[in-house]
Amino acid sequence: MTTHALGEVKLGPAERASAIVTMAEAELQVLVVGGGVVGAGVALDAATRGLSVGLLEARDFASGTSSRSSKLIHGGLRYLEQLNFGLVREALTERALLMQRIAPHLIRPVSFLFPFSHHGWERAYVGTGLAIYDALGIARNQVRGLPLHRQLTKSRALRLAPALRRSALTGGLLYWDAEVDDARYVVDLIRTAAGYGAQVASRTQVTGFLREGERVTGVRAVDLETGSDFEIRAQQVVNATGVWTDEIQAMVGGRGSINVRASKGVHLVVPRDRIQSSTGIILRTALSVLFVIPWGRHWIIGTTDTAWALSKAHPAASRADIDYVLDQLNRVLAVPLTRDDVEGVYAGLRPLLAGESDTTSKLSREHTVAHPVPGLVMIAGGKYTTYRLMARDAVDAVAHGLDGKVAPSCTDQIPLAGADGFQALWNSRHAIARSSGLHVARIEHLLRRYGTLAREVLDLIAADPSLGKPLAGADDYLRVEAVYAVTHEGARHLDDVLTRRTHISIETWDRGLSSAQEVASLMAGPMKWRSRQVSREIDNYRARVEAERKSQEADTDTDADAIRLGAPEIVPVVVHDTVPAAGDGGAPRQPGGGAPAGAGTAPRTAAAEAE
Ligand SMILES: Cc1cc2nc3c(=O)[nH]c(=O)nc-3n(C[C@H](O)[C@H](O)[C@H](O)COP(=O)(O)OP(=O)(O)OC[C@H]3O[C@@H](n4cnc5c(N)ncnc54)[C@H](O)[C@@H]3O)c2cc1C
């Protein structure tokens, strides 16, 4: 296996094909199933300990929960209320590490205004909590890199957030956390892992396990793009499939050692000018909190928290979800938002370790590592912020199963691709703007998305200046980004570019439809698509957008799910007989063909802040 300098790592079509051949040829030490943040983190952790590693992802990288989060890197105020200081400290330590060393280009500070609706006790209660939050954030000699929280008078709070109704607050408090481009972070993690020798392939599904007696000795997989089946031998397989954990467990048979429940969280995206505020906002709701998070020229607002047992690949937001989020926010806005203000909607599924409690908000967000049979390690639960610790624990479990000594985790020392030298390049942005002929605002955009790898993007523009022009219908982005997504970032379909490499699908009124033709045409060259495939990509994307829009008019989860699943998959996954996957691109399937458990409009159980 060749190890490249990080800047040279490409995840293009040729690299994917060669990774599949390499994985099928020789026995790996570790094979990771799942290309979300946890699987990608496991691949990097294992590769940087010197192990030979492969990673298979059934769909696009980060297409599961890891592109559908609230995008916060945070300690979790809920744990504080539960007096779980250890967990908060751990997450805040990670926050500092990720923000300062591992991915400064993708993680940014964000402030939140907490408006008080009562006099007296609320200020003391929340103020004490935030003082502890700040203090835990400086533990273990970590430099916080974030300002401490501040108490605000009512008039100061209103100056920061004039959108709030005067009668909705008595005062407030301002505190700081961090936000991340969750989908891009996963791609950078995977590129970094590939730079340390990991072989990775998206659109490649694990369909079964190879066994020697009880022991797992590898996986059976199918390249969903070509339909070809193959086997990969591995000394240890790590299952990092989030809400799909139980399905993978079912493939090894017997009673599962980890049970994961899914809880749906829906976010709305509205333009920045709809809410006048120079800070993010956090509101208490009856059962949890609601975040209003600054996101470029937009706000992300969410979330909900309801049990979900329908399609895992395409959780659908219903009218009830959207109305709930709007109602919660409108309690405090001077000018209420309506559905007409909503540009984008997305829904994700929290992988919660199933516990005793019936309400998803009480289920644990901590993670678990299990070793159900020799050769197989399961990792599940947790949250985005602590993915690195989950990965470390999973590879520690792998190390027990490998002969010989394995080095300890060193990912706290490994900046992601694009991170090393980011600050210096950021400081040169005006000079780069002059030499490239692009406006400095464009350079800032590229640096914030690609870090130091922006140099590679600029090289493509230098070779073909037409790539430096904005994309039709989404002029925040440049044409080059569609090309780079294919050649370097593993994008293989139109949806991958419009939804995860860029976020055009949630940041534009037409959800990316007017960019679809140009993006597909730009992808056609490196993907070697004929015009028929270009049309197929566009038709498929349009069908998805239409199905999503219609599902968002449905009153119940069951109806929304059925409508969403009317849009076909561009690359259908295999629905395995033993896999009780609900409708990944077909009619919803449940074990025994019965009605899905928990179908319908589930009760709101809430708990957004605990992600
Ligand atoms: C609404 C919401 C808000 C959240 N907000 C935050 C937040 O602000 N901060 C935070 O820290 N955390 C947050 N979280 C939690 C966080 O997003 C998740 O814990 C994390 O993304 C889970 O990552 P994962 O890798 O375990 O799962 P996933 O990202 O779902 O990855 C699992 C992958 O496995 C693949 N897979 C499944 N089966 C197979 C197979 N047979 N073969 C190959 N691949 C397969 C899937 O396609 C998928 O890509 C939030 C979660 C939700 C739902």
Side-chain angles (χ1 to χ4, degrees), residues 31-43 55-76 91 94-95 98 110 177-180 182-183 185-186 189-190 201-209 219-222 224 237-251 260 262-267 291 293 300 302-306 308 312-315 317 321 346-353 360 365-367 378-388 390-391 394 500 573-576 579 581 584 607-611:
L31 189 274
V32 185
V33 191
V37 72
V38 176
V42 171
L55 178 145
L56 300 182
E57 163 55 51
R59 301 168 184 84
D60 183 25
F61 299 124
S63 58
T65 306
S66 297
S67 56
R68 301 157 182 263
S69 78
S70 301
K71 312 189 193 302
L72 295 176
I73 297 296
H74 62 166
E94 286 304 295
R95 184 185 69 181
L98 303 188
V110 57
D177 249 318
E179 70 178 347
V180 63
D182 51 4
Y185 192 100
V186 172
L189 255 180
I190 289 188
S202 64
R203 306 281 178 187
T204 309
Q205 183 183 357
V206 169
T207 52
F209 287 100
V219 300
R220 274 193 301 278
V222 54
L224 295 169
V237 176
V238 179
N239 176 19
T241 53
V243 291
W244 286 270
T245 297
D246 293 17
E247 277 89 325
I248 301 287
Q249 233 169 199
M251 289 179 194
V260 172
S263 140
K264 181 173 67 162
V266 170
H267 290 88
F291 285 106
I293 305 159
I300 291 177
T303 177
T304 62
D305 192 345
T306 55
W308 178 264
K312 292 179 178 171
H314 305 296
D321 294 319
Y346 65 92
L349 299 179
R350 301 172 182 86
L352 304 179
L353 296 175
T360 60
R365 260 71 171 174
E366 290 170 73
H367 64 270
M378 316 277 298
I379 172 86
K383 57 180 189 168
Y384 204 104
T385 307
T386 50
Y387 83 87
R388 202 187 61 80
M390 297 175 70
R500 286 169 295 277
V573 296
V574 175
V575 180
H576 200 274
V579 182
D584 287 352
E609 86 202 85
E611 329 295 1

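From a predicted model like this one, the values you see are computed outputs, not experimental measurements. Start at 1 and go down the list; that is how both ligands and their atoms are numbered.
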**Request:** With salt bridge (Lys or Arg N to Asp or Glu O under 4.0 Å) as the test, would you mind laying out the steps for Arg203 and Asp60 before giving the verdict?
**Result:** CA-CA 6 Å; Arg203 306 281 178 187; Asp60 183 25; 5.4 Å; no
**Message:** Between ligand 1 and Val206, is the shortest N or O to N or O distance under 3.5 Å?
**Reply:** yes
**Prompt:** Would one find an N or O of Glu57, backbone or side chain, under 3.5 Å from an N or O of ligand 1?
**Reply:** yes
**Request:** Report yes or no: does a heavy atom of Lys264 sit under 4.0 Å from some atom of ligand 1?
**Result:** no
**Asked** Within the structure, does Ser70 bring an N/O atom to less than 3.5 angstrom of an N/O atom in ligand 1?
**Response** yes
**Request:** Would you check if the side chain of Thr65 reaches a backbone N or O of Leu349 as a donor-acceptor pair within less than 3.5 Å?
**Result:** yes
**Message:** Pairs of nitrogen or oxygen atoms closer than 3.5 Å, one from Thr385 and one from ligand 1: do any exist?
**Reply:** yes
**Request:** Answer side chain, backbone, both or neither: which part of Ala240 comes under 4.0 Å from ligand 1, heavy atoms only.
**Result:** backbone
**Message:** Between the side chains of Glu366 and Lys383, is the shortest nitrogen-to-carboxylate-oxygen separation below 4.0 Å, so that they form an ion pair?
**Reply:** no
**Request:** Check each atom of ligand 1 against the heavy atoms of Thr241 and keep those under 4.0 Å away; list them by number with element.
**Result:** 32 (C), 34 (O), 36 (N), 37 (C), 38 (N), 39 (C), 45 (C)
**Asked** Of Ala391, Ser66, Ser202, which has the heavy atom at the shortest distance from atom 22 (C) of ligand 1?
**Response** Ser66
**Message:** If you compare all heavy atoms of Gly35 against all heavy atoms of Val186, which two are closest, and at what distance to 0.1 Å?
**Reply:** O-CG1, 3.6 Å
**Message:** What I want to know is whether Pro351 and ligand 1 share at least one N or O pair that is separated by under 3.5 angstrom.
**Reply:** no
**Message:** Contact between Val219 and Leu56 at the side-chain level, heavy atoms closer than 4.5 Å - yes or no?
**Reply:** yes
**Asked** If you measure every N/O of Trp244 against every N/O of ligand 1, is any gap under 3.5 Å?
**Response** no
**Prompt:** What atoms of ligand 1 come within less than 4.0 Å of a heavy atom belonging to Gly348?
**Reply:** 53 (C)
**Message:** Taking 4.0 angstrom as the limit and counting only heavy atoms of Arg68, give me the atoms of ligand 1 inside it, by number and element.
**Reply:** 1 (C), 2 (C)
**Asked** Do Leu72 and ligand 1 have an N or O pair less than 3.5 Å apart?
**Response** yes
**Asked** Is any side-chain N of the basic residue among Lys264 and Asp321 closer than 4.0 Å to the acidic one's carboxylate O?
**Response** yes
**Asked** Of all the heavy atoms in Val243, does at least one lie under 4.0 Å from an atom in ligand 1?
**Response** no
**salt bridge (charged side-chain N to carboxylate O under 4.0 Å, His left out) involving Glu57 - partner list, sequence neighbours excluded** = none
**Asked** Just which atoms of ligand 1 are under 4.0 Å from any heavy atom in Gly265?
**Response** 1 (C)
**Item:** Per-atom contacts of ligand 1 with Leu349, taking only distances under 4.0 Å to non-hydrogen atoms
**Value:** 53 (C)
**Asked** What heavy-atom pair brings Ala240 and Val32 nearest, and what distance separates the two atoms?
**Response** CB-CG1, 4.4 Å
**Residue portion contacting ligand 1 (non-hydrogen atoms closer than 4.0 Å) for Val38** = both
**Prompt:** Should you measure from each heavy atom of Gly382, which atoms of ligand 1 turn up under 4.0 Å away?
**Reply:** 19 (O)
**Item:** N/O separation below 3.5 Å, Gln205 to ligand 1
**Value:** no
**Asked** So, the side chain of Ser63 versus the backbone of Phe61: is there a donor-acceptor pair under 3.5 Å, distance only?
**Response** no
**Asked** Any donor-acceptor pair under 3.5 Å linking the side chain of Ser69 with the backbone of Lys71?
**Response** yes
**Request:** Show which atoms of ligand 1 fall inside a sub-4.0 Å distance from at least one heavy-atom site of Leu56.
**Result:** 43 (C), 44 (N)
**Donor on one side chain, acceptor on other, Asp182 and Ser67, under 3.5 Å** = no
**Asked** Would you say Ala62 has any N or O atom under 3.5 Å from an N or O of ligand 1, going by distance alone?
**Response** no
**Prompt:** Which ligand 1 atoms does Lys71 reach within 4.0 Å, using its non-hydrogen atoms?
**Reply:** 8 (O)
**Request:** May I ask whether His267 has any heavy atom positioned less than 4.0 angstrom from an atom of ligand 1?
**Result:** yes
**Request:** May I ask you to check whether Tyr384 has an N/O atom sitting below 3.5 Å from an N/O atom of ligand 1?
**Result:** yes
**Asked** Any donor and acceptor pair, going by atom type alone, linking the side chain of Ser263 with main-chain N or O of Arg350 inside 3.5 Å?
**Response** no
**Prompt:** How are the rings of Tyr346 and His267 set relative to one another: parallel (under 30°), tilted (30 to 60°) or perpendicular (over 60°)?
**Reply:** parallel
**Asked** For Arg68, what residues pass the salt bridge (charged side-chain N to carboxylate O under 4.0 Å, His left out) criterion, not counting sequence neighbours?
**Response** none
